[in-house]
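Before any comments, here is the structure.
Numbers restart at 1 for each chain; the letters A, B, ... are given by sequence-line order, proteins then strands. None of these values were measured; they are calculated from a predicted model.
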Number of protein chains: 2
Amino acid sequence: MPVARLVMRSALPGTVFEGPGVIWCRLRSEESVDAVLKVVDRAGGQPLVLLCDEPNESLVMQALALGAAGCCNTHAAPDVLRQVALVVSNGGLWVGQSLLKKLVGVTSQRLGQLPPEGKSDDWSALLSERESQVARLVAAGSSNREIADQLAITERTVKAHLTAIFEKLGLRDRLQLSLRINGLKI
Amino acid sequence: MPVARLVMRSALPGTVFEGPGVIWCRLRSEESVDAVLKVVDRAGGQPLVLLCDEPNESLVMQALALGAAGCCNTHAAPDVLRQVALVVSNGGLWVGQSLLKKLVGVTSQRLGQLPPEGKSDDWSALLSERESQVARLVAAGSSNREIADQLAITERTVKAHLTAIFEKLGLRDRLQLSLRINGLKI
DNA sequence: GAATCTATTGAACCAAAGTACAGCCGGCGG
DNA sequence: CCGCCGGCTGTACTTTGGTTCAATAGATTC
């Protein structure tokens with residue numbers, strides 16, 4: 001009951017409304033996320049939920065990155081909003097199903113890459129340190145020229161490393177290497 | 001009250017216990033996440049929470065990637081577990097504070113890299129049917145020759161489709177296309 | 001000290017990827 | 001009917017990727 005009323009009132013442009021344990025904040029289409037979040041006083045670390053007219057993934061990510069506990073459609077059903085309130089007021093994070101999948105997928109691969117010595121991925125064990133650097137840059141989409149500049153070596157040397165990498169891992173080209181490094185292919 | 005009792009019983013090694021709206025599953029130190037999650041029957045899409053003796057970031061990420069709604073310490077305080085139950089039974093995701101920060105941080109960084117107004121899966125909407133087929137094959141690591149054979153067209157035509165794809169998605173080469181298709185660039 | 005591994009580079013070369021500038025055909029909407 | 005778009009292809013070209021001959025130098029190991 002309180003949640004529904006909160007939403008009704010927070011639907012007014014620019015309105016910030018504080019409910020039991022949750023701060024709701026309406027974000028109009030033309031407003032930027034950081035600008036709005038900056039002016040909201042978050043006393044006591046209360047979770048904040050953004051209400052957007054047209055939420056999209058990049059917007060939601062931005063909101064989460066800036067400390068919001070969730071972001072959902074202004075015109076979402078009251079039941080949904082009640083659930084959101086319940087989740088975030090208990091320290092949870094409200095993420096849409098599709099975004100969640102993507103976010104977790106990307107990040108888990110990313111975390112797996114970051115520790116140079118950490119994980120089981122055989123490629124890092126098979127390659128020398130320098131070769132691993134080159135491999136990572138290739139997997140991120142860089143060209144030989146870019147890699148050469150970044151590592152301050154010749155493009156020729158980059159090619160030499162790549163030839164060695166392909167040989168060691170039994171791969172054909174940089175695309176297959178990318179799939180291997182990113183954990184998408186054996 | 002029910003939550004506390006659930007946890008007590010699910011603390012037995014390998015035990016899977018179903019509470020009101022939540023499935024709890026104990027993960028022992030020597031067990032692998034995917035092995036355990038694979039055998040759990042998730043009827044009705046109920047959220048599942050993993051209870052680990054020594055949770056770490058990579059473990060939690062793995063659990064989330066495999067569809068768990070959360071992962072917390074087996075010996076967590078009853079109050080915490082009650083909150084977790086509340087959050088996930090309402091469709092929320094339970095992420096520890098420190099991990100949350102890291103997760104959002106890493107992902108938001110990548111948002112800054114590729115601003116050109118593209119969500120990660122708008123590609124299928126922007127491309128024609130034939131172009132999508134080519135894009136998928138490229139993302140899987142196929143060469144132009146292989147794609148041509150597979151689609152029973154000329155290598156020249158494959159190149160034509162690729163040129164159109166690069167233009168439409170604002171990409172440079174097949175490697176970047178692969179990253180885009182595989183959701184590694186947002 | 002010889003052998004081995006790694007990093008680095010050069011010149012030349014082949015192959016694959018990608019672009020530029022075309023053309024042909026079929027369907028579809030005004 | 002005509003313009004537009006999607007699919008398909010050709011010739012010729014530039015760029016990038018990758019290999020095959022090398023060679024030099026430091027570090028490590030036996």
Side-chain angles (χ1 to χ4, degrees), chain A residues 113 115-119 121-186, chain B residues 113-114 116 118 121-182 184-185:
Chain A
Q113 287 176 226
E117 192 60 18
K119 265 313 172 182
D121 283 0
D122 53 339
W123 65 269
S124 54
L126 292 174
L127 304 182
S128 73
E129 186 53 36
R130 200 58 157 169
E131 288 164 350
S132 295
Q133 292 176 5
V134 173
R136 269 187 285 265
L137 289 172
V138 165
S142 305
S143 69
N144 288 345
R145 181 71 260 153
E146 290 168 342
I147 296 172
D149 291 342
Q150 202 152 338
L151 298 182
I153 53 180
T154 315
E155 192 175 344
R156 173 67 191 83
T157 308
V158 175
K159 291 182 176 182
H161 286 310
L162 277 176
T163 301
I165 292 170
F166 297 151
E167 166 67 23
K168 287 183 177 178
L169 299 183
L171 301 174
R172 196 210 304 165
D173 51 36
R174 61 204 299 112
L175 189 18
Q176 302 211 331
L177 174 61
S178 166
L179 296 176
R180 174 74 164 269
I181 300 292
N182 288 317
L184 297 172
K185 284 268 168 135
I186 308 168
Chain B
Q113 290 175 219
L114 290 190
D121 59 358
D122 58 348
W123 62 270
S124 53
L126 293 174
L127 304 183
S128 74
E129 186 53 37
R130 202 56 159 171
E131 289 165 350
S132 295
Q133 292 175 6
V134 174
R136 268 186 285 267
L137 289 172
V138 165
S142 304
S143 68
N144 289 345
R145 180 72 259 152
E146 291 168 341
I147 296 172
D149 292 342
Q150 201 153 340
L151 298 181
I153 54 179
T154 316
E155 192 175 342
R156 174 65 190 86
T157 309
V158 175
K159 290 183 177 182
H161 286 310
L162 276 175
T163 301
I165 292 170
F166 297 151
E167 167 68 24
K168 286 183 179 179
L169 299 183
L171 301 173
R172 194 211 303 164
D173 52 36
R174 60 202 302 112
L175 188 21
Q176 302 209 331
L177 174 60
S178 166
L179 296 176
R180 175 75 164 268
I181 300 291
N182 287 317
L184 296 173
K185 294 237 176 179

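- For the residue pair A:Arg136 / A:Gln133, no side-chain donor-acceptor distance below 3.5 Å is found, with atom types taken as modelled.
- The salt bridge (charged side-chain N to carboxylate O under 4.0 Å, His left out) analysis of residues 159-171 of chain B, with sequence neighbours excluded, yields the pairs B:Glu131-B:Lys168.
- Here the CD1-CZ distance, from A:Ile165 to A:Arg180, works out to 11.5 Å after rounding to the nearest 0.5 Å.
- Nearest heavy-atom pair, A:Asn182 versus A:Ala139, reported as atom, atom and distance to 0.1 Å: ND2-O, 3.4 Å.
- With the end axes of the helix from C:dG1-D:dC30 to C:dG30-D:dC1 each set by five pairs, the angle from one to the other reads 40° at 10° resolution.
- Across all non-hydrogen atoms, the minimal contact from B:Leu175 to A:Val138 is CD2-O, 3.5 Å.
- Not one side-chain nitrogen or oxygen of B:Ser128 sits closer than 4.0 Å to the OP1 or OP2 atom of D:dC5.
- The heavy-atom pair separating B:Ile181 from B:Ala135 by the smallest distance is CD1-CB, 3.9 Å.
- Contacts of A:Arg145 classified as salt bridge (charged side-chain N to carboxylate O under 4.0 Å, His left out), with partners at least two apart in sequence or in another chain: A:Asp149, A:Glu155.
- One can place CD1 of A:Ile147 at 12 Å from C1' of D:dT16, the figure rounded to the nearest angstrom.
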Protein-proximity profile, nucleotides 8-18 of chain C, B/S/- by nucleotide at the 4.0 Å heavy-atom cutoff, equals SBBB-----BB

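- One finds the NE2 atom of A:His161 at 4.5 Å from the CD1 atom of A:Ile153 (value rounded to the nearest 0.5 Å).
- Scanning both residues, B:Arg172 and A:Ser143, for their nearest heavy atoms gives NH1-CB, 3.6 Å.
- In this structure, A:Glu167 atom CD and C:dC5 atom C1' are separated by 15 Å, rounded to whole Å.
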List, with names and distances, any nitrogen or oxygen atoms from the protein found under 3.5 Å away from nitrogen or oxygen atoms belonging to nucleotides 26-28 of chain C.
none

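- At least one side-chain heavy atom of B:Leu127 sits less than 4.5 Å from a side-chain heavy atom of B:Leu169.
- Atom pair B:Leu126:CG and D:dG6:P shows a separation of 12 Å (rounding to whole Å applied).
- Applying the side-chain contact (heavy atoms from CB on, under 4.5 Å) test to B:Thr154 and every residue at least two apart in sequence or in another chain returns B:Arg156, B:Thr157.
- In this entry the distance linking CD of A:Glu129 with C1' of D:dG26 reads 17 Å, nearest Å.
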